[in-house]
Amino acid sequence: MLSTLNIAQLNDNPSPRQIIIVGGGIVGAALAFHLSKAESENHIILIDKSLETLLGSTGHAPGFVGQLNESPVLTRLAKDTVQDYLTIPGGFETVGGLELSSTPSGLETLERRQKTAQGAGLPAKLLTPEAAASLAPDFIDANSIKHCLHFPSDGTANAGVITSYYVNQARARGVDFLEAAVTGFVTKKDNETSKIATIKTASGDINSEGSTVILATGIWTSSLIHSDNTPVTQLPIPIVPVAHPYTFTPPRARRVGTSYPFVRWLDHHVYARDHGERDGLGSYDHPPMQLDPTESAIGAWPSSFDQVLSDASSNLKNGAEFQVRGQNTSSEEPWVADKPFNGIFSVTPDNLPFAGRVSDVTNLWLAAAIWVTTAAGTAKLLAREILGNGEQSTNSEDKALLNALNPARFQGVEADLLLRQSLSKYNDIYNREA
């Protein structure tokens, strides 16, 4: 997709109601779409360094949307997200999700999660190992597991299809798109607060003093906020990019019948899914590894990930089919899409996104550290708040959600502690522990 305007046009014809979204992944695209649905005079512009290729985490996300989380906030956002994705042709497949365990503590976890799911209005049923294996016979050996929980309304999202849909719909509603690599910001002091006065890009500066600026920049958010000696905000924004191994089987014929559910082996922090023409496998069973992303969300391959994937694949009945040796390339070299790769994504100290106004920067909002699982729900929530101008426009549930996602929630906490807390979340990314 080509740009619909350039920087000179943007600077020469500023709109008094201008909203600039930085980041064109699934979150930024969803924001552009939902903001554009309102009948308003807003001029919405989405800026991304690549309008043709998804370079961020959206481009390689495993795509599982498991709606139940120990955090009621994430559960609510995931449920809202599924309702949105179900309206998009080819966007979401309700394949269900399976959680497996072989330990007494695992059974306690699954029983608790079943009760939590029922309280959240989500169907969940304990299955026998044989019944679980029948849903994904190539993945599951019934003799190797003891406890199984099935979530039939969960599924897999095609993040590329969903993002394209949002972009095309937004463009049809008058949203402008600008291809430019944002490199930083210039702020202007205003008493006790400041505002984003200039968005710096590799192609020139954009005057943003009269605009609402939303950062939907994922793994690059922290580096952009601290791109100069003077950070954009004084608030700690602990969005920590981490490494994550994912791999595939070689291509195969599509299975006949219903696609396999997404499967998680809780005791081993391993998950697998049916991609149609191949299977995919990921693991959180390794020490968390912080990374600084460069041009894309694909990082260089650590040699230790070969063993991580080898161990992970041993949990699957067809584990021997998975490729476990990664590509010995740097993050600057092309990624081969059907080989093992290091997919970078963000963690935070409480596993919650950052979504809302930045209190000490009057025209800045964050929509970051948001997974595909909650992208649409969070975008709709923010759109309602932005379009309401922060007045009595949102209901009490919205306000409770926004309070939980408030970018200021870690104010006063030491940076080193926030980093340790963020990395500690990696090994139990699904928040199974209450």
Before accepting this row, confirm whether a basic side-chain N of the pair [X]/[Y] lies closer than 4.0 Å to the acidic partner's carboxylate O.
X: Lys425; Y: Asp350; answer: no
X: Arg255; Y: Asp274; answer: yes
X: Glu41; Y: Arg17; answer: no
X: Lys380; Y: Asp80; answer: no
X: Arg357; Y: Glu385; answer: no
X: Asp416; Y: Arg420; answer: no

inquiry  = Ring of Trp220, cation from Lys49 - is the NZ or CZ under 6.0 Å from the centre and inside 45° of the axis?
reply    =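 Checked: cation-pi criterion met.
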When the ring centroid of [X] is compared with that of [Y], is the distance short of 6.0 Å?
X: Phe322; Y: Phe248; answer: no
X: His60; Y: Tyr246; answer: no
X: Tyr284; Y: Tyr271; answer: yes

query = Is the side chain of Thr374 donor-acceptor paired with the backbone N or O of Gly377 at a distance under 3.5 Å, no angle test?
reply =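 No.
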inquiry  = Can a donor-acceptor pair be found, under 3.5 Å and without considering hydrogens, that links the side chain of Asn342 to the backbone of Ala300?
reply    =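 Yes, the answer is positive, given that a donor and an acceptor are paired below the 3.5 Å cut-off.
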query = Does the side chain of Asn315 come under 3.5 Å of the side chain of His268 through a donor N or O and an acceptor N or O?
reply = yes
